[in-house]
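Following: one structure in structure tokens, then a few remarks.
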Amino acid sequence: MKPHTFTPGDPKPTGLCIVVPVLNEAQGIEATLKALGPLRQRGARVVVVDGGSQDDTLALARAHADAVIDSPRGRAAQMNAGAALGWGEVLLFLHADTMLPERADEHLMQALARGHAWGRFDVRIAGRPWMLRVVAAMMNLRSRWTGIATGDQALFMRREAYAQVGGFAPQPLMEDIDISKRLRAVGAPACLRERVITSGRRWEQRGVWRTIFLMWRLRWRYWRGELAHSLAEDYR
């Protein structure tokens, strides 16, 4: 499919809009976007939102996206910028190192047709450490219990639901947890068992157990009311 570059005045397609926030993702962005080709052929639009990459991310993305735009750095700000184009009745927010399951568009549309306003997929974390399989299983189980989704699980929602809760809060961390809490007031999430595959690179680079304890500690502090800006310092 010939890529399309959005310009003001273009007609706004209906259907699914996939927003991919990126920052120096040259190593894997091409594979992620190529995998979205079948969805684009079925009418989905892909928007890549760059937060100031210094590598070849933009050059690689332009051949495989319908729009590539700039935004202030920060995943929440970038995702809001992609949604602001106005494309799609349904929004899917996809991390640059995450692959959707086959026919993901059909699965999520079926879930929304059943009455859900939003949802997420199960996740599998790619990598050699066996503990990553346990981490993914616990993420999926916890999400079903709490109705809270993580960005790694590819959040999707009706545009009306996104607008109703005001989009992503302008915070540098835990933006996925924050919007999940607000979306729960709209309705329970669709927890799809089809799995996205996300990279385990940050787990392997930092150490699996170290990353587990770090995320538990940060989530606990966030639950206790600590601001995301202070948590982001420890995360980095």
Side-chain angles (χ1 to χ4, degrees), residues 1-23 25 29 32-33 35-53 57-58 60-96 98 100 104-113 115-121 149 151 153-171 175-176 178-187 189-190 196:
M1 173 182 291
K2 183 180 179 180
H4 170 72
T5 301
F6 176 85
T7 56
D10 279 355
K12 297 177 181 179
T14 58
L16 176 64
C17 178
I18 303 172
V19 179
V20 187
V22 297
L23 180 65
E25 295 287 353
I29 189 61
T32 298
L33 296 178
L36 299 177
L39 283 74
R40 293 179 71 201
Q41 291 174 2
R42 292 193 291 272
R45 296 293 184 267
V46 175
V47 179
V48 174
V49 188
D50 184 63
S53 295
T57 297
L58 293 179
L60 294 169
R62 286 191 179 101
H64 306 288
D66 297 285
V68 178
I69 64 174
D70 297 321
S71 161
R73 180 177 300 187
R75 188 171 278 160
Q78 290 170 239
M79 291 189 292
N80 285 336
L85 287 183
W87 286 0
E89 298 166 354
V90 176
L91 299 168
L92 187 154
F93 299 96
L94 182 69
H95 287 185
T98 301
L100 292 175
D105 50 345
E106 297 179 4
H107 294 305
L108 70 88
M109 289 297 189
Q110 289 168 5
L112 297 176
H116 290 282
W118 70 290
R120 90 318 179 256
F121 294 88
Q153 293 171 306
L155 277 161
F156 60 87
M157 62 200 72
R158 293 190 180 277
R159 180 173 291 277
E160 293 90 340
Y162 170 87
Q164 184 174 342
V165 301
F168 290 93
Q171 58 190 59
E175 76 285 340
D176 46 2
D178 175 79
I179 198 171
S180 291
K181 289 180 177 179
R182 288 180 283 124
L183 284 167
R184 283 190 312 186
V186 177
V196 299

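For the numbers below, each heavy atom of this structure counts, side chains included, while hydrogens, waters and symmetry mates do not.
- Interatomic distance, L36 CG to L16 CG, rounded to the nearest 0.5 Å: 9.5 Å.
- One distance of note links CD of E106 with CZ of R42; it measures 5.0 Å at 0.5 Å rounding.
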> Is there a side-chain contact (heavy atoms from CB on, under 4.5 Å) between N80 and Y162 once you walk through the steps?
Replying inline: CA-CA 10 Å; N80 285 336; Y162 170 87; 2.6 Å; yes
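- Of the possible donor and acceptor atoms, one in the side chain of R159 sits under 3.5 Å from a partner among the backbone N and O of A83.
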>> Under the criterion side-chain contact (heavy atoms from CB on, under 4.5 Å), I'd like the reasoning laid out for H64 against V46: C-alpha separation, chi angles, the key distance, then a yes or no.
In response: CA-CA 8 Å; H64 306 288; V46 175; over 6 Å; no
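- Without hydrogens or angle criteria, R158 side chain to L112 main chain gives a donor-acceptor distance under 3.5 Å.
- For the pair Q78 (side chain) and V49 (backbone), a donor-acceptor distance under 3.5 Å is present.
- Of all non-hydrogen atoms in G15 and M109, the two that sit nearest each other are C-CE, 4.1 Å.
- A side chain to side chain contact (heavy atoms under 4.5 Å, CB included) with V20 is found for one member of V47, V68, I29, D50 and no other, namely I29.
- For the atom pair CD (Q153) and CG (L94), the distance works out to 13.0 Å, reported to the nearest 0.5 Å.
- Distance check: R45 CZ to L85 CG gives 12.5 Å after rounding to the nearest 0.5 Å.
- Between G119 and P189, the shortest heavy-atom distance links the atoms CA-CB, 4.2 Å.
- Listed for the W118 side chain is no donor-acceptor partner under 3.5 Å among the backbone atoms of L155.
- Under the 3.5 Å distance criterion, the side-chain polar atoms of R182 are matched with a main-chain donor or acceptor of G167.
- Although no hydrogens or angles enter the test, the distance criterion places no donor-acceptor pair under 3.5 Å between the side chain of R73 and the main chain of S71.
- Atom CZ of R120 is separated from atom CG of D176 by 12.5 Å, given to the nearest 0.5 angstrom.
- A81 approaches I69 most closely through the heavy-atom pair O-CD1, 3.8 Å.
- The minimum heavy-atom distance linking A169 with A76 is given by the pair O-CB, 3.2 Å.
- Here R75 contributes atom CZ and F93 contributes atom CZ; the two are 12.5 Å apart, rounded to the nearest 0.5 Å.
- Residues V48 and A65 come closest through the heavy atom pair CG2-CB, 3.8 Å.
- Considering every non-hydrogen atom in both S180 and A149, the closest pair reads OG-N, 3.1 Å.
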>> If you apply the rule side-chain contact (heavy atoms from CB on, under 4.5 Å), what do you find for L108 with F121, and how did you get there?
In response: CA-CA 9 Å; L108 70 88; F121 294 88; 4.3 Å; yes
